Amino acid sequence: MILFASLPVLFRSDPFLSSRTPAYEEVSTEVFENLVQSSSFPLLIASIVFSIWGVSIYLRCLDAVLRRRLVAIAAICTLWMIEVVVKYKSFTQAYTSLLWYLYYVPMTFIPLLFQLCGFRLAGLERRRAWRRYRVVLLALASVIVLFVLTNDLHHQVFCFDPSSDGWANDYTYGWGYAVILVWSAVNYVGFFILVGLSSSYRIRRFTLTAALVFIAGAFFAISYALRVPWAWKLNFSLVYCIFCVMALEICLESGVFPSYHDIAGIFDTLPLDLKVMTHDFEVAYATPASEPLADGVCDELRAREHDRMHAFSVVSRRDVMYRAFPLMGGYALLGQNVQELNELNAELAHRRAELQRQNELLAADYDLKAHLADQEAEALLIQDVEQALARSLSSLYDLLSSLPPLTDETSLDERYRLLQCAKMHIAYCKRKGSLTLARHGESGFDRDRIQLIANELASDLRTLGVDCASIIAIGQPMHASTVSALYDCVYDFAFFAYTTEHPALMYHLSDHDPGSVELRATLVSADDIDLSSVPAARELERALQGRDVAYRLEGEPGELRMIVLMPRSGE
């Protein structure tokens with residue numbers, strides 16, 4: 001269209017043509033008559049055929065991107081034929097050379113479109129690297145076309161003398177022409193490689209047929225470039241386009257390109273209950289395996305949205321699952337027999353109910369065993385408390401019975417010391433007795449409550465002349481049995497401390513790991529001997545051995561350290 005629009009300007013700008021053919025209408029009439037009566041008429045027929053093929057391929061290709069690229073090839077072939085016809089009837093040398101250079105616009109972009117079709121078939125366009133490669137190819141194609149169109153400035157594609165009358169036939173090829181040949185070969189070979197790698201074995205046979213057509217076209221192009229007589233007599237543009245169209249048509253008909261080829265036969269061979277329906281619920285197409293519409297299907301389709309796929313079933317046929325897919329102008333209705341699936345679901349529901357009942361029985365059995373375990377733990381705790389109270393009361397009675405008479409100052413001090421020990425036994429009995437009021441597993445012995453008990457113990461010891469402090473750093477509550485064992489260890493260490501001079505105690509209770517707690521106790525006194533070697537220390541060790549805990553005693557002059565590990569659950 002640009003060339004036809006620029007033709008009047010060329011007539012007016014050329015004084016020789018303007019003087020001979022001043023009327024553009026006369027020139028147009030002459031050109032048209034010559035076209036009809038000359039050898040250019042087959043080219044006009046070819047342009048019509050290529051345009052019709054473009055419409056046909058638009059209607060037959062399934063993939064939208066491939067469809068656009070194939071139609072672009074058809075459009076380029078059509079315009080190329082028209083451009084060839086105009087070139088044969090050009091009136092000026094500049095116009096002829098421009099039309100000649102324009103041959104290489106389709107010769108550059110048709111191979112590029114072939115390779116882009118290969119990208120699409122191989123699924124490479126979704127990758128960023130290949131998208132960048134496509135941009136590079138488009139840029140190279142534009143540079144090549146610009147280089148050819150400016151050949152009159154550098155003569156690196158075609159070398160000829162513009163002043164010669166026979167320049168149209170007397171020319172040689174430059175290095176730019178070799179670049180064009182390499183460009184075409186690389187794109188075409190890349191197309192067939194991509195198609196061959198992305199196709200199945202059945203389709204590769206047809207790809208080989210298309211490759212043979214390409215090889216024949218390459219042989220013709222090489223013969224034409226070498227000016228072999230049989231090839232030089234043929235019209236290069238027409239033969240080139242015919243080979244390209246033949247290769248693409250073979251790819252489309254053989255299934256290399258996704259197409260509607262024999263789609264009706266494929267639809268008739270589907271072993272599915274598939275129907276294509278209009279919006280009025282009239283069946284337009286149906287597979288041989290399809291069954292009549294059940295009652296309620298049309299009502300279900302009418303109640304649903306038209307632009308979304310949905311699945312449903314109807315009461316009249318519970319063993320059939322319908323899936324409706326929206327189409328342009330109607331629906332695609334697929335029916336699937338799900339009787340086996342329904343039976344399997346019923347069996348699974350029955351087994352699920354049985355498992356649920358078994359789960360309820362197991363839960364009840366677990367609750368019962370947990371309740372019995374709690375009762376057993378409470379019984380063991382009470383038994384332990386009773387035994388501890390009995391031992392402590394026995395010791396208390398022994399102390400009271402051994403009180404010396406008030407005869408002198410020494411007996412008074414000894415009597416006071418024994419009464420203080422009795423007071424410690426009473427405090428111990430009170431603490432141990434409070435454990436029987438707490439149920440096993442209850443979260444009552446948390447950090448705050450244990451800290452309160454430790455503060456009360458420290459207060460009792462300070463009244464006996466023993467400086468005491470404690471730090472409680474536990475994260476989770478402890479069972480009553482664990483607290484009972486801690487009482488025993490703390491009071492055992494406190495009784496030992498009472499036997500030293502000017503004692504000072506420090507307790508630290510913390511989490512050792514998720515399943516146990518750690519008690520660290522340190523005693524500092526005014527004694528000059530190693531406290532771990534005194535007889536009272538051996539009695540303390542025997543007491544710890546009877547507590548069923550892991551312990552360690554370390555001593556030095558005037559100091560004694562105790563480390564105790566016990567399970568958190570107290571089991």
Side-chain angles (χ1 to χ4, degrees), residues 3 43 46-58 61 63 65-85 87 99-122 125 133-149 157 176-195 207 210-222 224-225 231 234-252 256-257:
L3 292 174
L43 297 175
S47 65
I48 297 174
V49 172
F50 291 148
S51 62
I52 295 175
W53 179 76
V55 176
S56 170
I57 208 168
Y58 179 83
C61 186
D63 189 272
V65 177
L66 280 175
R67 184 191 310 143
R68 289 195 297 268
R69 292 171 183 174
L70 295 177
V71 169
I73 294 175
I76 291 175
C77 292
T78 302
L79 296 176
W80 195 3
M81 294 300 99
I82 298 175
E83 191 259 344
V84 173
V85 173
K87 174 182 175 295
L99 293 173
W100 178 30
Y101 298 153
L102 284 176
Y103 276 34
Y104 293 87
V105 174
M107 290 176 61
T108 303
F109 282 100
I110 288 179
L112 175 60
L113 289 172
F114 264 79
Q115 187 169 184
L116 293 181
C117 291
F119 286 172
R120 182 66 178 180
L121 291 173
E125 292 187 337
Y133 179 60
R134 182 180 60 186
V135 173
V136 172
L137 289 179
L138 291 172
L140 288 177
S142 301
V143 171
I144 291 174
V145 169
L146 181 63
F147 188 68
V148 174
L149 293 178
V157 181
Y177 189 81
V179 171
I180 298 173
L181 292 180
V182 172
W183 166 265
S184 300
V186 168
N187 281 278
Y188 284 124
V189 172
F191 164 74
F192 285 103
I193 290 176
L194 291 172
V195 170
T207 307
L212 292 177
V213 175
F214 164 72
I215 293 172
F219 176 73
F220 165 74
I222 295 173
Y224 190 89
L234 299 176
N235 188 290
F236 177 81
S237 305
L238 179 59
V239 177
Y240 188 97
C241 292
I242 289 175
F243 276 117
C244 291
V245 170
M246 287 176 60
L248 294 176
E249 187 65 25
I250 292 173
C251 292
L252 188 69
V256 176
F257 294 158

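Side-chain atoms are counted along with the backbone in the values below, which use heavy atoms only and exclude waters and symmetry mates. All figures in this text were calculated on a predicted structure; none of them were measured in a lab.
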Nearest heavy-atom pair of [X] and [Y]: which atoms, and what distance?
X: L113; Y: A72; result: CD1-CB, 3.9 Å
X: L102; Y: P106; result: O-CD, 3.1 Å
X: V71; Y: G54; result: CG2-O, 3.7 Å

Reported [atom1]-to-[atom2] distance for the pair [X] and [Y], which is rounded to 0.5 angstrom:
X: R69; Y: I57; atom1: CZ; atom2: CD1; result: 13.5 Å
X: L70; Y: W53; atom1: CG; atom2: CH2; result: 6.0 Å
X: I110; Y: I76; atom1: CD1; atom2: CD1; result: 5.5 Å
X: R68; Y: D63; atom1: CZ; atom2: CG; result: 8.5 Å
X: C251; Y: L121; atom1: SG; atom2: CG; result: 8.0 Å
X: M81; Y: I48; atom1: CE; atom2: CD1; result: 13.0 Å

Those residues that, when tested against F219, pass ring-ring contact (aromatic ring centres under 6.0 Å, His included) (two or more places apart): W230
Results of ring-ring contact (aromatic ring centres under 6.0 Å, His included) for F50 - residues two or more places apart only: none
Summary of side-chain hydrogen bond (donor to acceptor under 3.5 Å, both in side chains) pairs that have at least one residue in residues 182-191, sequence neighbours excluded: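 Those involving residues 182-191 are Q115-N187, Y188-Y240.
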Would you check if [X] and [Y] make a side-chain contact, meaning some heavy-atom pair closer than 4.5 Å?
X: F257; Y: L248; result: yes
X: F119; Y: L137; result: yes
X: Y103; Y: V84; result: yes
X: V195; Y: C117; result: no
X: Y177; Y: Y104; result: yes
X: V49; Y: V245; result: no

Geometric class of the Y224/F236 ring pair [parallel <30°, tilted 30-60°, perpendicular >60°]: tilted
Parallel, tilted or perpendicular: rings of F243 and F220 (30°, 60°):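 Answer is tilted, since the angle falls between 30° and 60°.
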L66 backbone acceptor or donor facing R120 side chain under 3.5 Å: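 It does not hold such a pair.
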N/O donor-acceptor pair under 3.5 Å between S51 side chain and S47 backbone: yes
